[in-house]
Amino acid sequence: MPRTPAVRRFHRLLTASLGGLLAVTAAAAPARADVGDLTEYPITADSFPAGITAGPDRALWYAGDGRIGRITTDGTVTDYPVPGDQSYSFDITQGPDGALWFTEPSADEIGRITTAGQVSEVALPAGSAPTGIALGTDRALWFTEAGTTNRIGRLRPGGGVTEYAIPTPDSFPYHIAAAPDGSMWFTELSAGRIGRIDRSGNVTEFPLPTGYEFPSDIAAGPGGMWFTQLGGSDIGRISLSGELTFFPLPTFSPGADGITRGPDGNMWFAEQAGAIGRITPAGKVTEFPVPNGADTVPYNIATGPDRGVWFTELFGNAIGRVQALPGRGPGPQAAAPQPAPAGPRPERTRRLTLCGPGSPVGAAPFCR
């Protein structure tokens with residue numbers, strides 16, 4: 001089956017961004033004493049790894065171009081091909097059945113892979129472009145549809161798919177995560193909103209103040225749901241009742257993407273500009289540079305089974321790991337929390353267009 005224009009554009013973007021990308025080799029880089037070493041492991045060339053998650057087999061699993069990858073905590077990599085010409089897999093999560101489930105936005109499919117490498121796929125309506133996926137407390141898989149359908153989907157392993165419309169048109173629902181109360185929370189990349197959906201499919205949307213647009217990844221953590229922004233230089237938190245708080249990063253660095261709760265109880269996030277960040281529940285931030293990170297693009301992030309925080313490097317063909325060892329070394333930099341203002345935000349925000357020059361890296365596969 002020929003590649004769609006969206007897939008062709010995505011691959012042209014990747015090629016242009018990669019330029020003369022060199023092979024990545026495993027190396028330990030100097031890190032601050034309060035977190036231990038940062039290590040990078042090479043993976044198969046042209047993998048373009050995006051989503052990453054811990055598997056039931058004490059390994060990390062990641063989604064990439066035409067494959068699902070598995071990496072053990074000692075850096076051993078195995079690739080499993082995904083069938084089809086439009087098989088760029090984007091996000092991945094552990095399912096309730098001991099398998100890994102992943103999204104294929106260009107193919108309009110949800111994939112499933114066992115720990116033995118057996119792949120199957122579930123077809124979705126044309127134009128759905130599934131992006132984020134997460135396991136809910138109801139043991140179903142919930143996913144976002146960033147395409148023309150503009151919905152949230154729910155898939156029961158062995159059962160059917162149910163879809164729920166999002167009130168705001170063309171909202172580009174992106175990532176999704178479960179909250180402790182059983183609801184699912186998701187980001188609306190182009191609408192500048194955080195969404196909530198309950199088990200009955202009722203959707204509530206929380207608009208972000210002007211200047212805080214392009215919310216990206218989202219994860220449960222202390223005090224609510226924490227989210228990153230592709231267009232701003234803050235980490236956001238929204239309480240389960242909808243109260244917004246923003247924590248500015250020490251340096252203006254637009255492009256914070258993946259976020260997860262670490263084994264130390266802090267939130268960890270990837271910065272596309274080339275760093276891994278840690279933020280405490282009180283908003284204290286520490287940033288850890290990734291070698292050549294501005295070129296390799298730290299992208300998504302997950303807590304591993306080894307007290308490590310693992311991340312993908314979208315253009316670096318590598319998986320990275322930071323050891324989380326709290327309470328040692330110099331104290332992190334403080335960033336005072338800022339309640340969401342009533343008016344527009346001042347000049348710290350970088351304005352982005354969703355598709356076209358200057359668009360967020362994560363939007364590229366879905367621009368049409």
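Looking at R156 and D138, no side-chain N of the basic residue comes within less than 4.0 Å of a carboxylate O on the acidic one, giving no salt bridge. Salt bridge present: D306 and R321 bring a charged side-chain N and a carboxylate O closer than 4.0 Å.
Between T312 and the options I52, V297, I43, a side chain to side chain contact (heavy atoms under 4.5 Å, CB included) holds for only I52. Only one option out of N317, D65, D79 pairs with T44 in a side-chain hydrogen bond (donor to acceptor under 3.5 Å, both in side chains); it is D79. Among V77, T53, I68, the single residue meeting the side chain to side chain contact (heavy atoms under 4.5 Å, CB included) criterion with Y62 is V77.
Looking at E205 and T168, their side chains do bring a donor and an acceptor atom within 3.5 Å of each other. Between T131 and T103, the side chains place no donor N or O within less than 3.5 Å of an acceptor N or O (distance only, hydrogens not considered). If you check the side chains of S171 and N150, you find a donor sitting under 3.5 Å from an acceptor. Between R58 and T72, the side chains place no donor N or O within less than 3.5 Å of an acceptor N or O (distance only, hydrogens not considered). At a cut-off of 3.5 Å, with distance as the only test, no side-chain donor of S128 or E145 sits close to an acceptor on the other residue.
The backbone N or O of T76 sits less than 3.5 Å from a side-chain atom of D74, completing a donor-acceptor pair. In this structure a side-chain-to-backbone donor-acceptor pair under 3.5 Å is missing from D108 to L124. Q272 contributes no side-chain N or O that, together with a main-chain N or O of P298, makes up a donor-acceptor pair within less than 3.5 Å. Panel note: side chain T260, backbone A302; no donor-acceptor pair is recorded below 3.5 Å. With hydrogens and angles disregarded, a donor-acceptor distance shorter than 3.5 Å links the side chain of R237 to the backbone of P281. Remark: the backbone N or O of I152 is not paired with any side-chain donor or acceptor of T144 at under 3.5 angstrom. Checking side-chain atoms of S190 against main-chain N and O of D170 turns up a donor-acceptor pair under 3.5 Å. Side chain of Y88 to backbone of F48: a donor-acceptor contact under 3.5 angstrom is found. Looking only at distances, no side-chain donor or acceptor of D198 sits under 3.5 Å from a matching main-chain atom of S183.
Residues Y174 and F186 keep their aromatic ring centres 6.0 Å or farther apart.
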Checking side chain to side chain contact (heavy atoms under 4.5 Å, CB included) for the pair N202/I197: CA distance, chi angles, key distance, verdict?
CA-CA 5 Å; N202 300 307; I197 183 168; over 6 Å; no
Between D257 and S216, is a side-chain hydrogen bond (donor to acceptor under 3.5 Å, both in side chains) present by the stated rule, with each step listed?
CA-CA 6 Å; D257 210 315; S216 179; 2.8 Å; yes
Before you tell me yes or no, could you show the steps for I71 and Y41 under side chain to side chain contact (heavy atoms under 4.5 Å, CB included), namely the whole-Å CA-CA distance, both residues' side-chain angles and the distance that decides it to 0.1 Å?
CA-CA 9 Å; I71 183 169; Y41 299 97; 3.8 Å; yes
Pair R154, Y164 - check side chain to side chain contact (heavy atoms under 4.5 Å, CB included), show working.
CA-CA 8 Å; R154 179 180 181 270; Y164 305 96; 4.2 Å; yes
Walk me through it: do W185 and I238 pass the test side chain to side chain contact (heavy atoms under 4.5 Å, CB included)?
CA-CA 10 Å; W185 290 70; I238 184 167; 3.8 Å; yes
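A heavy-atom distance below 4.5 Å is not found between the side chains of K284 and T286. Counting only heavy atoms from C-beta outward, the side chains of I276 and E271 never approach each other to under 4.5 Å. Using a 4.5 Å heavy-atom cutoff, the side chains of L141 and P157 are in contact. Here the side chains of Q229 and D234 are in contact, with some heavy-atom distance below 4.5 Å. Residues I194 and I218 meet the side-chain proximity criterion, which asks for heavy atoms closer than 4.5 Å. Residues W268 and F288 meet the side-chain proximity criterion, which asks for heavy atoms closer than 4.5 Å. In this structure, H175 and N300 have side chains that are in contact, with non-hydrogen atoms separated by less than 4.5 Å. Within the 4.5 Å cutoff, the side chain of F247 has heavy atoms near those of the I279 side chain.
Expressed to the nearest 0.5 Å, how far OG1 of T296 lies from OH of Y299 amounts to 13.5 Å. Distance check: W142 CH2 to T137 OG1 gives 9.0 Å after rounding to the nearest 0.5 Å.
Residues satisfying the ring pair (Phe, Tyr, Trp, His ring centres under 6.0 Å) criterion with W101, sequence neighbours excluded, are absent altogether. Residues passing the side chain to side chain contact (heavy atoms under 4.5 Å, CB included) test with S120 are R112, sequence neighbours excluded.
Under the 4.5 Å side-chain heavy-atom criterion for Ile, Leu, Val, Met, Phe, Trp and Tyr, L230 and F90 are members of the same hydrophobic cluster. With hydrophobic clusters built from ILVMFWY side chains whose heavy atoms lie under 4.5 angstrom apart, I133 does not share a cluster with W61. Side-chain heavy atoms closer than 4.5 Å link hydrophobic residues (I, L, V, M, F, W, Y) into clusters, and following such links, possibly through other members, connects Y212 to F206. Follow the hydrophobic side-chain contacts under 4.5 Å out from I176 and you never reach F102; the two are in separate clusters.
Nearest heavy atom pair, residue Y80 against residue R70, reads CE1-CB, 4.3 Å.
Environment of CZ in R199: crowded, with over 12 heavy atoms of neighbouring residues, nucleotides or ligands closer than 6.0 Å.
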